[in-house]
Amino acid sequence: MQFDIRSNVVEVSRWLDDVQKKQLPFATVLAMTLTAKDIKAEEISVMKRVFDRPTPYTLNALAVKPAKKSTMVASVEFKEGFTGTPAKRFLNP
């Protein structure tokens, strides 16, 4: 009986380097953005539970700012640009 074991360590190492350089930042940005979306959804469910009959204006006051490869930051913020009282004025407290 004869065994022949060959190794392609160099090929695998190059592939892993490629994954690290290209795919890992993309996966990180995607995970951060999806997490921010989950946080927004949870905040809306908390508003529905805590406030007495919240208006659609109140429930739609949050927006997700997606992460980018350059910034690596995702956030949940109050929407701006509406006429009338901004939601952050009455929701911030």
Side-chain angles (χ1 to χ4, degrees):
M1 192 174 265
Q2 184 178 8
F3 290 102
D4 185 16
I5 300 174
R6 296 175 193 223
S7 174
N8 59 349
V9 173
V10 174
E11 239 179 83
V12 171
S13 180
R14 284 187 197 138
W15 181 79
L16 287 173
D17 285 344
D18 182 55
V19 167
Q20 178 185 358
K21 289 177 186 172
K22 293 180 182 175
Q23 298 302 317
L24 198 56
F26 172 76
T28 303
V29 166
L30 181 61
M32 293 172 85
T33 302
L34 292 176
T35 301
K37 287 180 180 183
D38 287 346
I39 290 170
K40 178 186 172 190
E42 183 61 27
E43 287 293 330
I44 290 171
S45 71
V46 168
M47 283 192 275
K48 287 178 180 178
R49 192 172 64 244
V50 171
F51 298 141
D52 180 32
R53 294 170 297 187
T55 64
Y57 178 79
T58 301
L59 296 176
N60 292 322
L62 298 174
V64 172
K65 185 175 178 184
K68 298 178 186 175
K69 282 185 179 181
S70 59
T71 59
M72 292 287 200
V73 174
S75 60
V76 179
E77 303 173 350
F78 291 112
K79 291 180 184 176
E80 294 186 11
F82 293 104
T83 57
T85 306
K88 69 179 177 182
R89 185 167 180 200
F90 61 87
L91 288 176
N92 243 358

Just verifying a value: how many Å separate Thr58 OG1 and Lys48 NZ, rounded to the nearest 0.5 Å? 12.0 Å

Scan residues 78-87 for pairs that pass salt bridge (charged side-chain N to carboxylate O under 4.0 Å, His left out), counting only residues two or more places apart or in two chains. Glu80-Lys88

Check the surroundings of atom CZ in Phe90: do more than 12 heavy atoms from other residues, nucleotides or ligands lie under 6.0 Å from it? yes

I want to check something: taking the side chain as every heavy atom from C-beta on, are Ser45 and Glu42 in contact at a cut-off of under 4.5 Å? yes

Output the distance between atom CG (Asn60) and atom CD1 (Ile44), rounded to the nearest 0.5 Å. 6.5 Å

Please round to the nearest 0.5 Å and tell me the distance separating atom OG1 of Thr28 and atom CD of Gln23. 10.5 Å

Please enumerate all residues that pass ring-ring contact (aromatic ring centres under 6.0 Å, His included) together with Tyr57, with sequence neighbours excluded. Phe82

Any residue meeting side-chain contact (heavy atoms from CB on, under 4.5 Å) with Thr35, in chain and number order, not counting sequence neighbours: Ile39

Is Val10 linked to Trp15 within one hydrophobic cluster, defined over Ile, Leu, Val, Met, Phe, Trp and Tyr using a side-chain heavy-atom separation of less than 4.5 Å? no

Gap separating the CG atom of Leu30 from the NZ atom of Lys69, nearest 0.5 angstrom: 11.5 Å

Applying a strict under-4.5 Å side-chain criterion to I, L, V, M, F, W and Y, I'd like to know whether Val46 and Leu62 cluster together. yes

For Ser13, enumerate each residue passing the side-chain contact (heavy atoms from CB on, under 4.5 Å) test, keeping only those at least two apart in sequence or located in another chain. Asp17

Is the shortest side-chain heavy-atom distance between Pro66 and Lys37 below 4.5 Å? no

Partners of Lys65 by side-chain contact (heavy atoms from CB on, under 4.5 Å), sequence neighbours excluded? Ser75, Glu77

What are the two closest heavy atoms between Thr33 and Val64, and how far apart are they? O-CG1, 4.4 Å

Check whether Phe26 and Leu16 end up in the same hydrophobic cluster, where Ile, Leu, Val, Met, Phe, Trp and Tyr are linked by side-chain heavy atoms less than 4.5 Å apart. no

Say you draw a straight line from CG of Leu91 to CE of Met47; how long is it, rounded to the nearest 0.5 Å? 6.0 Å

What pairs with Arg89 under side-chain contact (heavy atoms from CB on, under 4.5 Å), at least two apart in sequence or on another chain? Thr85, Pro86

Would you name the heavy atoms of Met72 and Val29 that are closest together and state the gap between them? SD-CG2, 3.7 Å

Closest approach of Met32 and Ala67, non-hydrogen atoms and distance? CB-CB, 4.1 Å

